[in-house]
Amino acid sequence: MALPPPDPQFVLRGTSAAVHTLHFSCGGPEPDIPLLFSGSENGFIHVWNLKTHRVDTALDGHGRKSVYCVETMGGKDRLLSQGRDQRICLWDLAEGRTSVTDSVFTEHVGFCRCSLLKVAQGRWLMAMAARSLEEVQILELPSKTSVCTLKPEVGAKLGMPMCLKLWQLSCGSQPMLLAGYEDGSVVLWNVSMGKALSQLICHQEPVMSLDFDSEKAKGISGSSEKVLSIWSLNEQQNLQVYKTYELVNAGISDITIRPDKKILATAGWDHRIRIFGWKKLKPLAVLDYHTATIHCVSFSDHSNPRQRLLAAGSKDQRISVWSIYAQT
Amino acid sequence: VCFIPGGLDCSISFVSHVLGKVCVHGRQKEILGVLVPRLTDLTKSDCIWQRICWRLVECVPDRWMEAVVLGFVQRAPGADALSRLLGNLVVKNKKAQFVVTQKMLLLQYGHTTAVLQSLLGHLSLDSSRRPLLLRVLQELLETWSSSSAVKHSPAEQQLYISKAILICLSHLKEPEIESCRQELLASMMEGVKCHLDSNLPQLRRLGMVVAESISLKINTEGPVLKFEYEEDDETRELKSLLVQTPSFCVVPSLPDDHRSEEADAPPSVPESDEKSPGMPDEESEGELDSDDDLIPYDMSEDKELKVKAPVYIRDCIEVLTGSSSEDVDKWEATVKALESLVRKNPAATREVSVELAKILLHLEEKTCIEGFVELRQRAQVAVLTTDPIPVAKYLTSQFYSLNYSLRQRMDILDVLVLAAQELSCPKFHGKTKHSGAQKPCAQLLPGSDSSKDWRRIVDERIKSKTRRFNMGQPCAKLASHPNKFSSVAGYFFFPLIQHFDRPLTTFDLLGEDHLVLGRLVHTLAILMYLAVNTVAVTAMGKALLEFVWALRFHTDSYVRQGLLSCISSLLLSVPTEQILADMTEELLETQSWLADVMEKDPDGDCRRLALQNLLLMENLKKKLEAVPS
């Protein structure tokens, strides 16, 4: 007899705008307060204290334009945020400061979230959609030098890049980029050489979000249709479709795989979060709390597995935080 | 008739005279039935026989030439045979030329497509005759593109001319098309305009097919003209005329084609088998992993997300008029649910009926819903039947107002008719709401088909009336309902008939908008028909008769068909005693008009309707004479 799905552990209210992006920073040692960063449509980035469940700080750096991506760069003191004002801002939050130390003018007018990858101590690669329609630019941070620009071949008609994921197999190996495009295909790029290794058409509609497990060389992508597509990378670096899963309602905004690679969560346009087992994509739970489309889901990076949380931000201006499958 | 072969120098003119005289006296069939096949065989390979045949026809005196040529063209089994038989007669003899190029193509239209093919093929086969082909094409195009011809000639003649044009086009060669490209283009533009202006869908389709074909021929590179229309047998036949198949090569090559097609089929089958072995391998990984520790939760609540439609009529109004363009799901759900809500809440609907009618009349498709037009129409009919008088007043006044599109005006007419039907026979709309409402919707939305359906209904009514006259009441008694249409028939009918001759800046019934006039006339006929047994029926009848009288010479055949349907409805609905009491003189005048229409109207449907009306009048007279007064 299956148990009914759990309720959220707590719900964060107070953004007064739709929540578009979430990022946890809970990995620090004990006296550090676990934090959750959220970006909203009104341009604010809220820093939530997960012990008091209140906003500690509100950062205003994007001219009241919607913030659709937040990431931390090695700890909660350095934050990166991307907004609809076509800028990516780097923040210094140490010791209570709230200042923008640097910014990159992307000239990108779409909604493609950038992707960060730490390649060495103090050095990151960032993939972002650039000004030109189909291109992805790779920058090195914090120096902001351009590493390369990934251009699809002429006539490929991929459309805009919709979602990006930079990854490398292990520290020191070649960084690769997986990009999902408007025409429904996922392309694997080799960043150092700047060329595409493989392209796979996963969906009939634009790819809304994707995530990749580099250990198992398997990835998953969601789109505006009802199908989730799971694909794998073989030894020749070719993408192949592994499996598809049909959902009850169409539309996925975000997919994320938990860091321990056991489960994954999807954010749906039908107001529901779905949890699946990553091994065989076994449906595990449907969390129905929100009353509007969910824009983002994120897993926490707690070092203690039992404290792990899942957060979902929705258009109904709430952030629901769940503790699910934390015991395994 | 047997000829002596071999070297004798004989004069054939006597035979020609005999042939001519026989043909002109109407014995073409007998003599040419024997002569033509024999000559066809003889002339196949023998040049002498060909020359004899040509001399034969050339010597026929002019006064009998037409009959002979006509007979030959009709009986020749194909263009080659005709060329062998007639030679260059059409070039040498003026009378023959007239018959072939003018009379058979432009003045007559009863010949079959095969005859057209052999005639035009014959013109195209010889270089001395080809100029005639071009001239024929030009004259055919002139007729095809003349607006008076399109309006006044019968549909069968227009079909014939279209076929002839297509066959001519199929025979034209590149250099010839080059030389007359401009003229072809000009005629096509003229002609397509006249044809599209017509109210009869058959003529519109004919125009479209011919214009497409001309465009195909003159534009060898670049985009060609393409219309959207429903394909049916006629259009397919017309299109097939554009392609000339050589008559003798077809048969032997068919078996070869079939064999090569079959050879292609087998290779594609083995490929699909390779895919399946790949899959099972991935499933059988060693699965002793912690995935099985993850126990799924109950997911039975995970169902398809449905948007709730509003439950109150006023909420519906808010959603439909609301400017919130974001909640399109709610808008869609409202549109779908509106009809049933209106029917379930008549009291609430009556409070806001005119407002709802206004909103629905102006409602445009915001998102792509399947069957939007039907949904809107059903909702409008529901509102109109729930609160007939104010909504009918509103709709009829809007029919004659400024700034509505033709489509909206015709929608008003359709809605009035559907609602009238529902009000007068409520038993259709109990459980079988869908089936009852579906049929009239499908009937009335496409153009002039409604006249055919209503004619069928009128025919049945006539039949049922005559039966009742002879045998009493054969049908079982149906459950009776109060006729809700009775009290409101006048509100539907009279405002529509009031202002038809008053033109507005954007709407002129008697001028350009004759399509709407046609639909209006048909609507009035239906309303008249449905008003049987109502109190207002006599007044409606009188008004309708005056209306018909004013418009009886209208040039558009669709309008005339409508007027004749009005007379039918009138004769069927108004009680006979009332007709004879109030409308005797008008009816007599109408009778003479109907007789005129029956004989002289170019449109076949009009003639049939006029005949039917005259029969109805006869029936009435007989009925009255039979009843002892």
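We name chains A, B, ... by the order of the sequence lines, and we start the count at 1 in each one.
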* B:E231, CD: over 12 other non-hydrogen atoms inside 6.0 angstrom -> yes
* **Per-residue contact mode, A:D288 against chain B (heavy atom under 4.5 angstrom)** => neither
* To do: Check the surroundings of atom NZ in A:K216: do more than 12 heavy atoms from other residues, nucleotides or ligands lie under 6.0 Å from it?
  => yes
* Structure fact -> Greatest number of non-hydrogen atom pairs under 4.5 angstrom with chain B, of A:D270, A:N249, A:I275, falls to A:N249
* To do: Check A:P4 against B:D298 and note the closest heavy-atom contact, atom names and distance.
  => CA-CB, 4.0 Å
* **Crowding at CD, A:Q237 (>12 non-hydrogen neighbours, <6.0 Å)** => yes
* Asked: What are the two closest non-hydrogen atoms of A:P283 and B:P296, and how far apart are they?
  -> O-CB, 3.7 Å
* For atom NZ of B:K344, decide whether the heavy atoms of other residues, nucleotides or ligands shown that lie under 6.0 angstrom number more than 12. => no
* Within 6.0 angstrom of B:K239 NZ, more than 12 heavy atoms from elsewhere -> yes
* To do: Starting at OH of B:Y297, measure out to CD1 of A:I324 and round the result to the nearest 0.5 Å.
  => 5.0 Å
* To do: Quick one: closest heavy-atom pair of B:I295 and A:L284, and the distance?
  => C-CD2, 4.4 Å
